[in-house]
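Working notes, beginning with the structure itself.
Numbers here are sequence positions counted from 1. Not measured: the values here are computed from a predicted model. Both backbone and side-chain heavy atoms feed into the values below; hydrogens, waters and symmetry mates do not. Read the numbers this way: they start at 1 and go in the same order the structure lists the ligands and their atoms.
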Amino acid sequence: MLISTEQLEQRVGELGLEISRDYADKDLVMVGVLRGAVIFIADLLRQLEVPCEIDFMAVSSYGSSRDSSGVVRILKDLDDSITGRDVLIVEDIVDSGLTLNYLMRNLQARDPASIEVCSLLTKPERRRVEIPIRYVGFEIPNTFVVGYGLDYGQHYRNLDYVAELPDDTEPSL
Ligand code: IMP
């Protein structure tokens, strides 16, 4: 185990307070990145004390391996317009940064009033493009993690803590 249920709860609460303060007079739309951010955004949303809408995008960059291909495909786009609104992208983890780099440029082109990022986890050692991440839950070392929404080959999302995946785990598990 890398991050316990209690640590997750506490940090998500802190992020909720910080975001509530920063977006008090804004027009907040949280954009969850499917599928990994689902549990995080659901918990974070319930900690917010300001009005907010949620929308989702689904992107694929990995297949079922552990490394980003850098080629990002949009599998599901937003349902609503973000023009003139204050967008907060909610991610599970920023690894190479390639997915987020693509997403930010794509969403920026739609003329939001502002665009920021909130990621539960970040692995700074793995970064290939620098991305400004306004809200970070936890910085973690260069290791592959699962649980609390994060998967390996679609498994382990249901764990209510974050765990390191042993290096020799088969891709089919
Ligand atoms: P990036 O484009 O390399 O930053 O990768 C971002 C996406 O890769 C995340 O949104 C995750 O879906 C996935 N990912 C990166 N690292 C991990 C990990 O340690 N566990 C599970 N998924 C990961």
Minimum non-hydrogen distance to atom 3 (O) of ligand 1, winning option of Gly147, Ser119, Ser96: Ser96
message: At under 4.0 Å between heavy atoms, is it the side chain or the backbone of Val145 that contacts ligand 1, or both, or neither?
response: both
field: Heavy atom of Ile93, distance to ligand 1 below 4.0 Å
entry: yes
statement: Glu91 heavy atoms within 4.0 Å reach ligand 1 at atoms 10 (O)
field: Atoms of ligand 1 close to Lys123 [distance to a heavy atom under 4.0 angstrom, numbered from 1]
entry: 16 (N), 17 (C), 18 (C), 19 (O)
task: Mark the output for Arg128 as yes if a heavy-atom distance to ligand 1 is under 4.0 Å, and as no if none is.
output: no
- request: Without swapping roles, check the side chain of Arg11 against the backbone of Val136 for a donor-acceptor pair under 3.5 Å.
  value: yes
query: Quick one: does ligand 1 sit under 4.0 Å from the side chain of Arg126, the backbone, both or neither, non-hydrogen atoms only?
result: neither
- request: Please confirm whether the backbone N or O of Asp86 pairs with a side-chain atom of Asp27, one donor and one acceptor, at under 3.5 Å?
  value: no
query: For Phe144 and ligand 1, does the shortest N/O to N/O distance drop below 3.5 Å?
result: no
- request: Return the set of residues passing salt bridge (charged side-chain N to carboxylate O under 4.0 Å, His left out) with Arg127 (not counting sequence neighbours), or none when no residue passes.
  value: none
Proximity to ligand 1 by part of Asp151, non-hydrogen separation under 4.0 Å: backbone
task: Could I get the full list of side-chain hydrogen bond (donor to acceptor under 3.5 Å, both in side chains) partners for Asp111, not counting sequence neighbours?
output: none
Under-4.0 Å salt bridge between Asp80 and Arg85: no
- prompt: Taking atom 4 (O) of ligand 1 as the point of reference, which of Gly149, Gly97, Ala37 owns the nearest heavy atom?
  reply: Gly97
field: Leu150: numbered ligand 1 atoms lying under 4.0 Å from its heavy atoms
entry: 20 (N), 21 (C), 22 (N)
- line: In ligand 1, the atoms that come under 4.0 Å of a heavy atom of Thr99 are 1 (P), 2 (O), 5 (O), 6 (C)
message: Are Thr122 and Glu139 packed together at the side-chain level, in the sense that at least one heavy-atom pair is separated by less than 4.5 angstrom?
response: yes
Other residues, nucleotides, ligands: >12 heavy atoms within 6.0 Å of Tyr161 OH: no
message: So for Asp92, does at least one of its heavy atoms come nearer than 4.0 angstrom to any atom of ligand 1?
response: yes
- prompt: Hey, is Asp77 close enough to Arg110 for a salt bridge, meaning N to O under 4.0 Å?
  reply: yes
message: Between ligand 1 and Gly36, can you find any atom pair, the residue atom being a heavy atom, that is separated by under 4.0 Å?
response: no
- request: May I ask you to check whether Glu14 and Gln10 show a side-chain donor-acceptor distance below 3.5 Å?
  value: yes
